Student: 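What follows is a single structure, and I will ask about it in a moment.
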Amino acid sequence: MPTDLLEHYQAIERTSQAMLDAAQAHDWDAVMRLESACAVLIERLRELGQEGDLTPTERARKQRIMLTLLRHDAQIRELVEPCVDDLWANLGPTRSTLLH
């Protein structure tokens, strides 16, 4: 069980790295596909359960992965925010209609 748990964390980490790479390349379609893949992995991770059986070494590995995921998320957000701002600016008056 712990091995499955860590393998899922590692798969999420790889997918997160791929999302960051796609965002850096401004490949937003790939970012969205990878985000969906990541959501599936996270749901499966929830099904696997808690980390109660992890050894201290495994817990440290999980913590390192979680920190990496947070860094990736922050970097992706930095890349996405200007694009979202541009999108809203280009929508002009239509924006208020979309919000209601």
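When reading the values below, keep in mind they use all heavy atoms of this one structure, side chains included, and skip hydrogens, waters and symmetry mates. Predicted model only: the values in this text are computed from it and were never measured.
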Student: At what distance, to the nearest 0.5 angstrom, does NE2 of His72 lie from CG of Leu67?
Tutor: 11.0 Å
Student: Show the nearest heavy-atom pair for residues Leu6 and Leu54, with the distance to one decimal.
Tutor: CG-CD2, 4.4 Å
Student: Rounded to the nearest 0.5 Å, what's the gap from CG on Leu69 to CD on Gln17? Could you check?
Tutor: 10.5 Å
Student: How would you list, by chain and number, every residue that makes a salt bridge (Lys or Arg N to Asp or Glu O under 4.0 Å) with Arg77, sequence neighbours excluded?
Tutor: Asp73
Student: Give a yes or no on whether Gln63 atom CD has more than 12 heavy-atom contacts from other residues, nucleotides or ligands under 6.0 Å away.
Tutor: no
Student: Mind checking what makes side chain to side chain donor-acceptor pair (under 3.5 Å) contact with Arg61, not counting sequence neighbours?
Tutor: none
Student: Just wondering, do Leu79 and Leu20 contact through their side chains at under 4.5 Å, heavy atoms?
Tutor: yes
Student: Out of curiosity, Arg14 CZ to Glu7 CD, how far, rounded to the nearest 0.5 Å?
Tutor: 8.5 Å
Student: Taking the side chain as C-beta and beyond, is there a heavy-atom pair between Arg46 and Glu43 under 4.5 Å?
Tutor: yes
Student: Measuring from Lys62:NZ to Thr57:OG1, what's the distance to the nearest 0.5 Å?
Tutor: 14.5 Å
Student: If you measure from OG1 on Thr68 to CZ on Arg71, what distance do you get to the nearest 0.5 Å?
Tutor: 4.0 Å
Student: Are Ile76 and Trp28 connected, step by step, through hydrophobic side chains (Ile, Leu, Val, Met, Phe, Trp, Tyr) whose heavy atoms are closer than 4.5 Å?
Tutor: yes
Student: Could you tell me whether a side-chain N or O of Ser16 sits under 3.5 Å from a main-chain N or O of Ile12, the two making a donor and an acceptor?
Tutor: no
Student: Name every donor-acceptor pair, under 3.5 Å, that has one atom in a side chain of residues 32-42 and the other anywhere in the protein, sequence neighbours excluded.
Tutor:
| from | atom 1 | to | atom 2 | distance (Å) |
| --- | --- | --- | --- | --- |
| Ser36 | OG | Met32 | O | 3.3 |

Student: Are Glu13 and Arg64 packed together at the side-chain level, in the sense that at least one heavy-atom pair is separated by less than 4.5 angstrom?
Tutor: yes
